[in-house]
Amino acid sequence: MSSDDEMTLSEVGKLRRSPSVDSIPLSQMDSDPTTTSADSDMPKVSKRKAKNSEGKRKRAKKATAVIKDEDNEDEDVPLAQREGSPKKSTTKKSTSKVKVEKESVSKKTNSKKVTPKKEEKESSVDAEAAAVAAAEEEEEEKYRWWEQEDVDGEQKWESLHHNGVIFPPEYEPLPSHVKLYYDGKVVNLPPQAEEVAGFFGAMLETDHAKNPTFQNNFFEDFLQVIKECGGCNVEIKDFNKCDFSKMYTYFESEREKKKALSRDEKKAIKAEKDKLEEPYKTCLLNGRKEQVGNFRIEPPGLFRGRGAHPKTGKLKRRVYPEDVTLNLSKDANIPEPPAGHKWGEVRHDNAVAWLAMWKENIADSFKYVRFAANSSIKGLSDFKKFETARQLKDHIEEIRKDYNKMLKDELMQNRQMATATYLIDIFALRAGGEKGDEEADTVGCCSLRYEHITLKPPNKVIFDFLGKDSIRFYQEVEVEKQVFKNLRIFKKPPKQPGDDLFDRITPPMLNKQFQNYMKGLTAKVFRTYNASKTMQDQIDLIPNEGTVAEKVVKFNAANRTVAILCNHQRTVSKGHGSVVQRISDKLKEMVWQKLRLKKMIIELDPKLKKKDPKYFEEINDLTKEDEEHIHKAVIERQKEAAHKRFQRENEKLKVEDQELLPESVLKERLEKIDELAQEYAEELKSNKPIVKKTDTVEKLKAQIEKIETRIVNTTFQLKDKEDNSEVSLGTSKMNYIDPRLTVMFSKKFDVPIEKLFTKTLREKFNWAIESADDNWRF
DNA sequence: CGCGGGACTTAGTAGTGTGAGT
DNA sequence: ACTCACACTACTAAGTCCCGCG
């Protein structure tokens with residue numbers, strides 16, 4: 001399969017599944033009498049039972065439950081016996097220093113310096129010294145943390161100095177003519193309430209504002225705020241009587257105004273903003289300058305929860321300095337809070353990596369101000385993450401062997417553990433922790449419920465559920481026979497829709513089990529591992545040939561396999577359908593033009609048709625209807641273009657204070673197009689295009705060639721659009737694919753790294769760019 | 001063990017800045 | 001030169017996982 005071919009989900013699944021399947025001899029999977037027994041215990045229920053009112057779903061108490069079904073011919077040892085014996089393959093590396101192949105770096109620096117000069121032995125010493133010196137010099141500029149010894153996990157920093165955070169500007173009341181109307185009456189809202197109304201007004205045309213939950217939550221909080229600040233002239237009771245349209249129009253006009261500002265004005269505004277933000281953008285970490293990530297306190301607004309979030313639309317309250325906790329060195333200068341305010345708290349906790357923190361009022365959780373992605377702290381933890389994932393490859397075989405065996409364990413809990421591990425490993429599911437009633441109903445592996453999977457014998461499973469961010473996970477896959485059997489057992493009555501499939505295990509239990517194989521191994525590591533492993537495998541399939549653009553396309557195709565594996569989606573943009581339509585229309589038109597040109601050649605030299613039948617084979621591929629349709633479209637477009645051109649020319653003349661073109665010019669032009677339409681109509685009848693006197697066979701052939709390359713390009717573009725329309729490559733590139741793979745690809749395939757990483761990603765992954773070479777492997 | 005608090009990574013999208021195509 | 005779609009960045013929501021407590 002060429003890597004740019006579309007790959008379906010199940011193909012990806014197969015691709016991924018093969019190693020594990022290979023490692024278990026079929027003989028190990030004994031046949032099961034239940035396979036053929038009634039499937040009647042699989043109701044096709046897809047409707048979800050109302051959530052248990054207690055909030056928490058039931059989880060069986062007796063973890064010791066033994067599977068008493070027909071499966072008990074299994075002679076496997078219960079896990080209990082195994083549990084005490086952690087896998088011997090504990091990592092030696094875990095204690096060693098975290099260093100990114102320092103040697104290879106310096107070596108490379110060397111060879112770079114040496115090779116061009118072809119000097120050998122003696123100079124290599126000098127070169128090394130020079131390299132070291134250069135490195136040290138650079139260190140003034142950029143701290144090469146990945147060449148340092150690891151400062152053992154516990155402590156995150158030695159010293160930390162920063163300038164605090166930026167607060168959003170205070171609310172500025174709307175001009176007095178912009179009001180909320182209630183039941184036709186002007187409402188005079190106190191500023192605080194007006195602000196909240198404005199939040200809604202600004203969103204009036206969004207999907208959120210049309211969502212009843214959003215409306216209710218907003219309205220409830222809006223009324224609360226009105227009450228808090230002493231009410232207003234009109235008693236507001238009914239959301240539907242509120243008219244926010246004046247506010248909306250005002251915000252729109254303000255937006256237009258802003259857009260209409262001249263280039264210089266915009267620049268000036270931006271310069272001023274930058275100047276104000278300058279001090280907050282960086283901080284001093286262990287004496288070195290580092291970027292801060294989100295130094296701005298989140299502004300108040302309406303909470304935009306994703307999916308069916310019960311709290312969506314609630315008011316996200318303004319955060320004041322009193323709500324903010326700062327974290328910095330004991331001896332650091334404490335930034336001045338905004339005038340008239342005090343900081344909530346000042347801490348000196350070097351076991352954490354945040355600069356400031358506050359509590360938000362929606363879920364009552366914390367928000368943090370942290371270092372930027374390109375900081376040494378983030379880089380180091382990113383590096384560690386990938387190293388952990390990379391280590392997994394030394395254990396994965398054993399893990400797979402074990403869980404395949406444990407799929408038949410007689411202990412229900414163990415079977416669930418094994419089955420869950422299988423799903424996490426093969427289908428890249430997330431762990432899936434419990435969620436409360438106050439959150440959107442989304443699931444991961446351990447929180448999968450009865451209604452989320454459908455079983456189709458002999459071994460097909462259909463997953464259909466909402467995962468993180470309420471993104472739908474829909475896959476029809478084939479699983480190991482034993483997995484299928486187990487899933488059926490997990491669905492057996494009395495289980496019914498609404499019940500957990502994995503009712504005896506939790507993510508912490510899984511993770512605890514994983515630690516037995518390898519320090520730091522948790523459920524999410526499987527995603528990182530499998531993503532990077534897939535990428536490595538895909539890159540291995542790419543031939544080192546073609547143009548840079550072609551290679552980038554192949555790289556993206558590989559990237560896409562990973563994104564599909566991880567189910568990274570994006571919503572198709574509103575215009576997508578029409579865009580695709582337009583491109584395919586354009587494509588058809590080009591084909592028509594090509595065929596038309598070929599017909600012309602025959603007109604010029606009818607003998608050619610016999611001489612090269614293949615070349616002319618396609619000339620009648622388009623139906624009359626198609627052709628007519630295309631004619632219409634072409635004429636339509638030309639007319640439109642004529643109108644536009646006329647308008648533009650006149651506008652220009654107007655500006656130059658010259659005489660405008662008379663309507664007759666436009667008319668004349670349109671008439672010419674009508675003539676063309678006539679010609680086309682004739683052509684349609686005769687099937688013989690009119691050939692210009694100046695045309696020759698050679699000229700036409702050249703034109704055809706041009707069009708053909710355009711057709712190829714456009715076809716490609718269209719395909720890429722369609723393939724990519726719902727897949728988001730960015731997330732996997734940023735979080736799952738070891739950046740050293742990308743760097744390796746860049747070097748090995750001679751593709752500039754700029755084509756693969758954006759500026760931000762290059763900064764974030766600088767450690768990888770500096771440390772991986774063309775034969776680095778995950 | 002189970003739970004809640006806390007800190008961190010992962011995720012899609014809104015809103016821009018910008019460069020390819022005309 | 002001008003648009004207009006696209007690519008990137010900023011933003012912040014939504015996960016995971018760890019820890020300490022009862």
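The structure presented is a predicted model; accordingly, all values stated were derived computationally and were not measured.
- A:Asp382 has a carboxylate O that lies under 4.0 Å from a charged side-chain N of A:Lys385, or vice versa, which qualifies the two as a salt bridge.
- Between A:Glu439 atom CD and C:dT12 atom P the separation is 20 Å, expressed in whole Å.
- When the P atom of C:dA14 is taken as reference, atom OH of A:Tyr368 falls 17 Å away, rounded to whole Å.
- Using cut-offs of 30° and 60° on the angle between ring planes, the pair A:Phe386 and A:Trp767 is tilted.
- Contact check, A:Arg255 against B:dG15: no side-chain N or O comes under 4.0 Å of OP1 or OP2.
- If you take CD of A:Gln413 and C1' of B:dC1, they are 12 Å apart, rounded to a whole angstrom.
- Taking 4.5 Å as the limit, every side-chain heavy atom of A:Gln569 sits out of range of all side-chain heavy atoms of A:Glu726.
- Among the nucleotides B:dG12, B:dT13, C:dT12, the one closest to any side-chain atom of A:Pro299 is C:dT12.
- Summary of the strand contacts: A:Val525 and A:Thr760 both lie near DNA chain C, and taking for each the nucleotide with the nearest heavy atom, the more 5' one is attributed to A:Thr760.
- Going from atom CG of A:Asn735 over to atom C1' of C:dT16 covers 13 Å, rounded to whole Å.
- Per the geometry, CG belonging to A:Asp349 stands 12 Å off P belonging to B:dG6, to the nearest Å.
- When the P atom of B:dG17 is taken as reference, atom NZ of A:Lys270 falls 7 Å away, rounded to whole Å.
- Here B:dT9 presents its P atom at 8 Å from CG of A:Asp382, a figure rounded to the nearest Å.
- For A:Ser365, no side-chain nitrogen or oxygen approaches OP1 or OP2 of B:dG5 to under 4.0 Å.
- Between the side chain of A:Lys367 and the base of C:dT12, no donor-acceptor pair under 3.5 Å is found.
- The separation between A:Met203 atom CE and B:dA14 atom C1' is 11 Å, rounded to whole Å.
- Here the nucleotide nearest the side chain of A:Lys156, chosen from C:dT16, C:dC18, B:dC8, is B:dC8.
- Taking a cutoff of 4.0 Å between a charged side-chain nitrogen and a carboxylate oxygen, A:Arg296 and A:Glu277 qualify as a salt bridge.
- Annotation: proximity of residues 370-378 of chain A to DNA chain B (heavy atom, distance under 4.0 Å) is found for A:Arg370, A:Lys378, numbered in ascending order.
- Nearest to the side-chain atoms of A:Lys435 among the listed nucleotides B:dG12, C:dG15, C:dC18 stands C:dG15.
- Across all strands, A:Lys524 comes closer than 4.0 Å only to sugar-phosphate atoms, never to a base (heavy-atom distances).
- DNA chain B is contacted by both A:Ser381 and A:Phe366; A:Phe366 maps to the nucleotide lying nearer its 5′ end (nearest heavy atom per residue).
- The distance from the CZ atom of A:Phe371 to the CH2 atom of A:Trp354 is 11.5 Å, given to the nearest 0.5 Å.
- Electrostatic pairing of A:Arg449 and A:Asp441 counts as a salt bridge here, judged by a charged N lying under 4.0 Å from a carboxylate O.
- Looking at heavy atoms from C-beta onward, A:Lys156 lies out of side-chain contact with A:Asn350 at the 4.5 angstrom threshold.
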